[in-house]
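To start, the structure under review is shown below, and the notes come after it.
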Amino acid sequence: MSDHDQPDPDQPDAAAISDGGNAVPTRRRLLQLGAIGAGAVVSIRPALAQTAGSVMNCEIPVPDMGHAGGFIADDGSIVAAGTKGAYAPPGRPFKGEEVKRAMAGNQLPGTSYESNRAYMNYIRRLQRGQGGFTCFASLQMPRG
Amino acid sequence: MRHALSIRIGPVGFRIGSDWRAPIDQLAALYRDYPVPDVADFTVRLFAARAWRRVIRPSVTIGGDYMLPDAAPLPLAHGLLAGEMAMNLQLALGYRRHLLLHASVVERDGRAIVMTGESGAGKSTLATLLASRGWRFMGDEFALLDPETGLVHAFPRLISLKNAGIAAAAAAWPDGRFGPSLPDTPKGDIRHLVPPAAAIARMDEPAMPALLLFPRHGVAADTRDVGASEAFVRLTQASTNYVALGEAGFRALTGLVRGVPARAIDYPDGDAAIAAVEALWAGL
Amino acid sequence: MGRAVTDARLLVTALVDPSGLRLDTDWTALIAIARAEQLIGTLAHRLDGLPVPETVAMLLADARDAAEQGRRTALWEAEMARRALAVTDTPVVLLKGTAYVAAGLLAGRGRSIGDLDILVPRGRIDRVEAALIAAGWEWVKPDPYDDDYYRRWMHELPPMIHRERDRMIDVHHTILPLTARQTPDAAALIDRAVPLNDGLSVLCPADMIVHAATHLFADGDLAGGLRNLWDIHCLIDEFGTGGLADRAAHHGLLPAVARAARLAHQLYRTDVPQQWRADAPTDALFRRRLLARDGWGRSTRPVTRLAFYIRSHWLRMPPAMLARHLWIKWRRN
Amino acid sequence: MRYRAPEAAALISTDLAPFTALFDRRSGITHILASPAPEILAALTEPMTIDMLLAVLAREYDLADPDPAALAVRLDELVASGLVATT
């Protein structure tokens with residue numbers, strides 16, 4: 001690697017100390033391959049505009065505009081209106097701040113324990129291209 | 001557009017258009033002492049999404065060169081806030097001349113403290129308090145880091161104070177110029193404070209970052225070191241254009257975290273915070 | 001502040017004759033229009049080295065940097081798709097913006113590039129889908145109605161997004177919805193594809209122009225039309241029009257290609273053959289839609305825009321399906 | 001299957017003890033690498049199978065766990081990040 005020195009400068013370098021031509025390794029550095037908690041490689045992902053906190057106020061419609069009228073099942077998926085055990089969509093979109101508080105353990109306004117869980121599961125599954133994704137993604141700091 | 005205004009804040013020029021007069025008049029009054037750009041870097045639009053929304057329960061939709069799909073409209077009474085948000089959004093989504101860090105900045109003797117943290121961590125209040133104790137205010141929303149020189153440039157927009165921060169700032173700045181109070185916005189009660197005259201006059205003077213702070217409000221006073229890798233990762237998430245800047249962003253940010261000491265300070269109140277900052281500054 | 005800029009002609013003339021711009025041009029309006037039409041990087045390259053106000057020079061330099069970053073990201077996404085699909089040994093043809101930069105074409109210079117578009121043989125689309133999912137791509141819209149609609153009637157899989165890199169990929173098996181009246185010869189597109197050095201390929205020049213014209217007039221509502229037309233201008237400028245008419249006829253897309261050539265000539269003064277220079281009666285309506293942008297970057301002429309929106313759906317599906325599609329979409333909003 | 005690392009010129013590496021910050025010029029992505037990832041990348045001087053790589057690492061380091069399966073997991077992370085390709 002170009003201008004890179006070995007990562008652990010404080011440990012004795014593995015370079016052998018040459019002694020008249022036949023190198024005598026003093027003590028090779030220990031290397032552990034397995035059992036790394038969060039993995040050895042983290043890739044930095046772009047932070048979204050709202051991570052600049054006060055930059056934006058935004059809303060998350062449940063479900064998004066493309067699926068208005070659908071009901072929300074426990075696991076957050078969109079099901080046909082009236083499906084037994086699923087929840088009618090809430091009366092209005094949730095504000096970014098309300099979702100942030102719900103992520104911290106409170107409940108979305110006007111929801112029961114069960115419907116709150118269903119709505120939050122829907123919000124957590126939002127993908128780019130779906131309405132409310134940018135707003136939700138920005139509420140998580142840092143992402144990924 | 002029917003009403004328009006151009007202002008330059010630090011190195012960034014904005015052209016702001018509006019379907020209504022009120023937001024433009026408020027911005028013009030508060031940004032009275034700011035220069036006018038010859039060519040604006042960004043265009044911002046405050047408009048009524050539906051024609052009838054211009055008059056009936058008027059609500060302001062934010063538009064401009066760079067946009068986000070989920071933006072919620074604001075009542076016309078919060079038009080000033082919409083203008084500020086729209087300008088911040090252009091920077092966050094479209095600006096590349098400097099590495100943008102979501103941070104407040106103050107300067108003394110050509111050296112700067114960069115204070116970063118989530119909104120609500122008290123960055124604006126802290127910067128305002130320090131400015132009232134002789135530090136030069138450089139910005140309360142964005143720090144602009146020049147990838148070539150490593151210098152930080154000022155972006156002294158209106159200081160947006162929230163809830164308790166308003167009273168704290170009013171006490172620290174008895175003769176400060178405040179904007180209208182904007183009750184129950186999505187972020188609670190907000191009031192804008194015009195930065196001190198010196199901050200506006202000297203906004204083209206950059207400074208060398210000397211201390212990186214991660215302040216946190218509302219807990220027992222404490223100061224701890226922040227390692228280079230932790231500071232690096234936290235700053236990549238506090239920057240909206242780090243990834244977009246590519247190699248220049250990598251060199252600027254690794255240079256910053258390797259060259260500048262980083263500390264996390266928890267503070268129960270303003271005085272404790274200022275004491276902690278002055279102690280750290282003296283110890284540099 | 002001088003006469004208000006009421007349509008996108010300022011941008012068109014700046015692209016065609018950059019050295020003709022006077023110093024007292026309404027630069028802010030030009031930049032707002034170029035950004036709204038996704039042509040700021042292209043404009044920045046066209047104006048490179050010309051005398052402009054200092055603030056504008058810095059803005060354009062930033063735009064060139066942004067375009068370079070976008071080019072690198074697009075090529076990387078193509079490389080990651082190539083790695084994921086290598087195991088299926090399927091021919092993978094890059095389309096649109098990614099293809100232009102991968103092949104180093106004039107059309108790619110300064111171009112803003114969106115999602116990765118690839119063309120694969122229709123018979124291999126399930127293997128491609130499985131390989132992409134295994135490599136970390138996910139559906140953007142996990143919705144049964146849209147899935148089924150896409151699979152049966154559209155010319156592509158529903159869009160997918162990569163879990164880590166947040167980049168979208170559109171996998172096509174032909175270049176026009178199956179429901180459209182014209183039926184291009186997808187197999188011929190792949191046969192004549194030109195291999196790049198790393199296992200991916202791009203369409204042959206004539207097919208590139210046919211596809212660009214198709215995308216603009218056969219299934220699009222002309223959103224981003226000025227950028228697509230500029231692609232066509234650059235492709236014709238670089239490769240000429242030899243064999244283009246025959247190739248377009250072979251795909252049954254001669255009308256779309258003729259219209260694209262005429263409009264490129266009318267707006268960007270592209271050097272097109274004689275039979276594609278005369279103004280057809282409806283060309284003026286297309287120009288009116290393409291230029292519907294004011295100096296504040298706002299989209300204007302809403303009625304014209306709505307007409308083209310409805311036309312784009314009409315072209316993509318037979319009347320009965322159009323009614324059902326619009327009814328379902330209407331009931332939802 | 002062989003694992004291939006990028007040529008040195010594609011990467012900019014900076015020590016952020018205890019980690020290594022790595023910028024990949026090809027993708028424009030920044031990666032934070034914890035040991036053994038930097039050591040694995042440095043050892044991949046040419047395309048290698050897992051066994052070839054394990055032998056190189058065993059020679060240069062005192063391996064606490066010379067286990068091909070553990071090395072495979074580390075390599076999969078590097079492949080997923082795009083830093084390492086398989087041929």
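None of the values given here were measured: they were computed from a predicted structure. Below, read A as the first sequence line, B as the second, and so on, with proteins coming before strands; counting in each chain starts at 1.
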Requested in this report: Identify the two heavy atoms, one from A40(A) and one from S35(D), that lie closest to each other, and give their separation to 0.1 Å.
Outcome: CB-O, 4.3 Å
Query raised in the report: Do you know the tightest heavy-atom contact between G39(A) and E77(D)?
Result: CA-OE2, 3.3 Å
Query raised in the report: Using non-hydrogen atoms and a limit below 4.5 Å, what part of residues 47-55 of chain D faces chain A?
Result: L54(D)
Report task. State which residues pass side-chain hydrogen bond (donor to acceptor under 3.5 Å, both in side chains) with S43(A); sequence neighbours excluded, sorted by chain then number. Result -> H31(D)
Query raised in the report: Just how far is it from atom CG of L71(D) to atom CG of L33(A), taken to the nearest 0.5 Å?
Result: 5.5 Å
Report task. Examine whether an atom of L57(D) lies under 4.5 Å from a heavy atom of chain A, and if so say whether it belongs to the side chain, the backbone or both; otherwise answer neither. Result -> side chain
Query raised in the report: Heavy-atom distance under 4.5 Å to chain A: side chain of D67(D), backbone, both or neither?
Result: backbone
Query raised in the report: What part of A21(D) gets closer than 4.5 Å to chain A, counting heavy atoms only: side chain, backbone, both or neither?
Result: neither
Report task. Start with the C-alpha gap between Y61(D) and R29(A), add the side-chain angles, then the distance that decides, and say whether side chain to side chain contact (heavy atoms under 4.5 Å, CB included) holds. Result -> CA-CA 5 Å; Y61(D) 299 96; R29(A) 206 154 57 76; 3.3 Å; yes
Report task. Quick one: pull up CD1 in I44(A) and CG in L22(D) and give me the separation to the nearest 0.5 Å. Result -> 11.5 Å
Report task. Please confirm whether the backbone N or O of R28(A) pairs with a side-chain atom of D62(D), one donor and one acceptor, at under 3.5 Å? Result -> no
Query raised in the report: Any donor-acceptor pair under 3.5 Å linking the side chain of Q32(A) with the backbone of A64(D)?
Result: no
Requested in this report: Below 4.5 Å from any heavy atom of chain A, which atoms of I32(D) appear? Answer side chain, backbone, both or neither.
Outcome: both
